[in-house]
Amino acid sequence: MENHRLIELNKESTLDGGFSVGDVCLGKVKKLLPSLNAAFVDIGDEKEAFIHYLDLGLHFAAFDEFVKRINPNTDHKGIYSHIKLGPVLGKEGKIEDVLTPGQMIAVQIVKEPISTKGSRLTAEISIAGRNIVLLPFADKVSVSQKISSKEEKKRLELLVKNILPRNYGAIIRTAAEGKTASILDNELMSLVRKWEDSWKKLARSKTVQKLFSEYSKTTTVLRDLLNDSFTAIHVNDQEAYEDVRNYVSLISPEQEKIVHLYDGKDPIFDHFEVTRQIKSSFGKVVPMKQGAYLVIEHTEALHVVDVNSGTRSKNKEQEQNTYDVNCYAAEEIARQMRLRDMGGIVIVDFIDMETNEHRNALYKYMQELMEGDRAKHTVLPLTKFGLMQITRQRVRPATEINTQEVCPVCHGTGKISSSVVIDEDIERKLADIVADRKPESLVLKVSPILGSYLKRGLFNSIVSKWKKKYRCKIVINEMTDFTVLQYEFYDENGVRL
C-alpha cells in the first residue's frame with residue numbers, strides 16, 4: 001500500500017499444487033514443432049508447456065549432458081565441475097537438431113498458463129537472490145546497468161568472479177551496490193546450495209517432476225520490492241512472521257524492526273481497509289474523484305479501459321475539465337494495471353481533447369506514472385481518435401476478483417417473489433418458528449419500505465394481528481441496507497432463525 005491506497009495484491013494458492021514463475025522442473029519433450037522452431041514439453045501441468053529454440057540457452061548441451069550422466073551412484077559435484085561448456089548454441093539452429101520426443105530436459109517456468117496457452121519455459125536456468133542472480137553452466141559475470149559508478153562495477157565484478165565456483169556465472173543486481181564481500185559470499189553460497197540440493201531428486205528419478213520452487217510468494221515479493229521507503233510490514237501468522245523477520249534481517253538488517261505481528265480482533269485486511277478497496281477496485285466499473293469513473297473490460301486478446309467524466313462538472317472551461325479528468329484516469333489506470341497485474345495489450349479510450357498540448361502532456365504524465373511499475377512496458381502517444389496503447393509484460397494471468405454478490409431476494413435468478421403476497425410469506429415463516437420454538441419474543445428485520453407496510457394502521461396493522469394470533473412479542477427493526485422485500489427473523493439473543 002502507498003499512502004493507505006492498495007497498489008499491489010499478490011495471491012498464492014497452496015491447494016492446487018500448481019506451478020509458478022521461477023519453478024525449476026524436469027520435463028519430457030512431447031512434440032516438436034519445426035514450423036515454429038519450438039517444442040511442447042510435459043512438466044506435469046494440465047496443459048503442455050512451450051519452449052522455443054532461442055529459449056534453450058547458450059549452453060544447453062552442458063545441461064543436457066548433466067541430466068543424462070547424473071545418477072545416485074555418481075559423484076554429482078565431480079560430474080558438474082568437469083562438464084565442458086563447449087561452443088554456444090547457434091542462433092540460426094533448428095529445434096529438431098537439439099531435441100527429440102521423449103528426451104528429459106531441465107527447464108524453468110518464465111510465464112504461467114494464461115487462458116488457452118500452457119506455461120512458457122526456458123532451459124537457461126537462473127536462481128535469483130536479493131543481490132545476485134546465479135547462472136548454472138555459464139562463464140560470464142554481468143553487472144546491472146543501473147549501477148553508475150565504474151569503480152563499483154569493477155569491484156563487484158572482481159569480487160564475484162573470485163568467489164564463483166567452476167561452471168557458474170552470475171548477474172549482479174542493482175541492490176548489490178555498496179554491499180560487503182561477506183554479504184555477497186553468503187548469498188552466493190546459499191544460491192549454489194539451492195541448485196545443488198535439487199541434484200538428489202534429479203539423480204534418484206528421471207521422471208517429470210518439480211525440482212525446486214524459487215521461494216515462497218512472501219519472500220519473493222520482499223526480495224524484489226523491499227527498499228528504504230517501506231515503513232511497515234504486517235503479518236498475521238506467527239510462522240510467516242518468523243520467516244519474514246528472518247528473511248528481512250538477512251537481506252536488510254536495519255529494517256528488521258519494521259516487521260510487526262498483527263494480532264488484532266478484526267481480520268487484517270479489514271483493519272487496514274484492504275477488503276473495502278478490493279471490493280471497489282476489482283469491479284467492472286471503478287469510481288474515481290468527483291463522479292468520474294472507469295469501465296474495464298478483459299478480452300482474450302487485450303484489456304480495454306473506457307474513461308467517463310460521469311457527473312463531474314465544474315465552472316472551468318470544458319477542455320481544461322476534460323484534461324483534468326483524463327489525468328485522474330491516468331493515475332487510476334497505472335494503479336489498476338499493477339493491482340490487477342494486467343498484461344499484454346491495454347487500450348485506453350480517453351475523453352477527446354482538442355489541443356495537442358494537452359494530448360502530449362497526458363502522454364508524458366502517463367509515462368511518469370508507469371515509471372514505478374516493475375513489469376516491462378511501453379506507452380505509445382494518443383492516436384487521433386484519443387486512444388492510448390500500452391503494452392505490459394505478462395507473466396501470469398490477470399488477477400480477477402468477482403466483487404458481485406448474489407442478490408438475497410432473487411438468489412441470482414433476476415426475478416423476485418410477488419410483492420402482493422410478501423406478508424403471507426413472512427407469516428408462513430413466523431408460523432413455522434412459533435410451532436417449532438414457541439418463543440416469547442422475536443425480532444423481525446426488514447427494509448424501511450416493508451417495515452412501514454407491516455406497521456400501517458395503529459391497532460389493525462399486520463404486525464399487531466400477528467402478535468395476537470401467535471401470542472408472541474414481535475419487534476420490527478428497519479434496516480437501511482436491506483433490499484425492498486428482504487426480511488430476517490432473530491430470537492431475543494440475536495441468533496438468526
Side-chain angles (χ1 to χ4, degrees), residues 8-27 41-52 54-60 63 67 105-114 117-138 142 144 168-176 187-199 201-202 208-226 240 243-244 247-248 250-251 338 341 343 373-376 392-399:
E8 278 195 38
L9 179 71
N10 291 279
K11 299 182 84 179
E12 179 181 33
S13 173
T14 53
L15 299 174
D16 56 7
F19 294 98
S20 61
V21 171
D23 287 358
V24 174
C25 10
L26 187 65
V41 181
D42 175 16
I43 56 168
D45 219 345
E46 279 181 33
K47 296 170 189 157
E48 286 177 353
F50 178 88
I51 188 164
H52 192 272
L54 293 174
D55 293 323
L56 291 175
L58 299 176
H59 300 290
F60 176 75
F63 278 103
V67 169
I105 58 170
V107 287
Q108 187 169 30
I109 296 170
V110 289
K111 263 191 189 180
E112 285 179 18
I114 296 170
K117 299 170 185 173
S119 300
R120 180 77 185 256
L121 307 174
T122 178
E124 199 163 18
I125 292 167
S126 60
I127 306 155
R130 168 80 168 169
N131 305 301
I132 295 172
V133 179
L134 182 70
L135 307 171
F137 288 122
S142 308
S144 166
Y168 284 103
I171 298 168
I172 300 167
R173 304 180 75 173
T174 314
E187 183 174 305
L188 193 64
M189 290 308 111
S190 72
L191 295 175
V192 170
R193 260 196 314 277
K194 191 176 181 66
W195 167 239
E196 293 183 354
D197 286 348
S198 70
W199 295 352
K201 251 188 183 181
L202 183 61
V208 172
Q209 59 179 314
K210 187 193 285 189
L211 295 175
F212 61 87
S213 290
E214 201 176 20
Y215 283 106
S216 72
K217 191 80 165 181
T218 316
T219 50
T220 305
V221 168
L222 287 171
R223 183 194 72 200
D224 294 339
L225 282 183
L226 187 64
D243 287 347
V244 168
Y247 188 71
V248 171
L250 184 73
I251 63 170
R338 284 175 68 183
D341 206 1
D373 196 334
R374 288 179 299 130
K376 290 178 188 171
R392 188 172 181 274
Q393 185 184 24
R394 179 160 74 164
V395 293
R396 54 179 60 85
T399 306

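Model, not experiment: these values are computed from the prediction. Counting begins at 1 with the first residue of the sequence.
Between the side chain of R173 and the backbone N or O of G129, at least one donor-acceptor pair lies under 3.5 Å. Using a distance-only test at 3.5 Å, with no hydrogens or angles considered, a donor-acceptor pair links the side chain of Q108 to the main chain of G22. Remark: the backbone N or O of D55 is paired with a side-chain donor or acceptor of T122 at under 3.5 angstrom. A donor-acceptor contact shorter than 3.5 Å links the side chain of K194 to the backbone of S213.
Scanning both residues, L121 and I51, for their nearest heavy atoms gives O-CG1, 3.8 Å. When all heavy atoms are compared, the tightest approach of N131 to E187 is N-OE2, 2.8 Å. Residues V133 and S126 approach most closely at CG1-CB, 3.7 Å, considering heavy atoms. Heavy-atom minimum distance, F63 versus P136: CZ-O, 3.4 Å. Looking at every heavy atom in both residues, A123 comes nearest to F60 through CB-CD1, 3.8 Å. Listed here is the closest heavy atom pair of L26 and A106: CD1-N, 4.0 Å.
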>> Please evaluate residues R392 and D341 with respect to the criterion side-chain contact (heavy atoms from CB on, under 4.5 Å), reporting the C-alpha separation (whole Å), side-chain torsions for both, the decisive distance (0.1 Å), and the verdict.
In response: CA-CA 9 Å; R392 188 172 181 274; D341 206 1; 3.1 Å; yes
>> I'd like to know whether L222 forms a side-chain contact (heavy atoms from CB on, under 4.5 Å) with Y247, so could you lay out the CA-CA distance, the side-chain angles of the two residues, the decisive distance to 0.1 Å, and finally the verdict.
In response: CA-CA 9 Å; L222 287 171; Y247 188 71; 4.2 Å; yes
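Remark: S142 pairs with no residue by the side-chain hydrogen bond (donor to acceptor under 3.5 Å, both in side chains) rule, at least two apart or across chains.
With rounding to the nearest 0.5 angstrom, the SG atom of C25 is 10.0 Å from the CD1 atom of I105. Once rounded to the nearest 0.5 Å, the distance linking CG of L134 with OG of S190 reads 9.0 Å. Note that NZ of K210 and CG of D45 are 9.5 Å apart. Values are rounded to the nearest 0.5 Å. With rounding to the nearest 0.5 Å, the separation of OG in S198 from CD1 in I125 is 8.0 Å. Rounded to the nearest 0.5 Å, atoms CD (E196) and CE (M189) are 9.0 Å apart. Separating the OG1 atom in T218 from the CG atom in N10 is a distance of 9.0 Å, to the nearest 0.5 Å.
Side-chain atoms of L188 and Y168, non-hydrogen and from C-beta on, never get closer than 4.5 Å to each other. Residues L226 and R130 are in side-chain contact: their nearest non-hydrogen atoms beyond the backbone lie under 4.5 Å apart.
Taking the six-membered ring where the residue is Trp, H52 and F50 present tilted rings, their angle falling between 30° and 60°.
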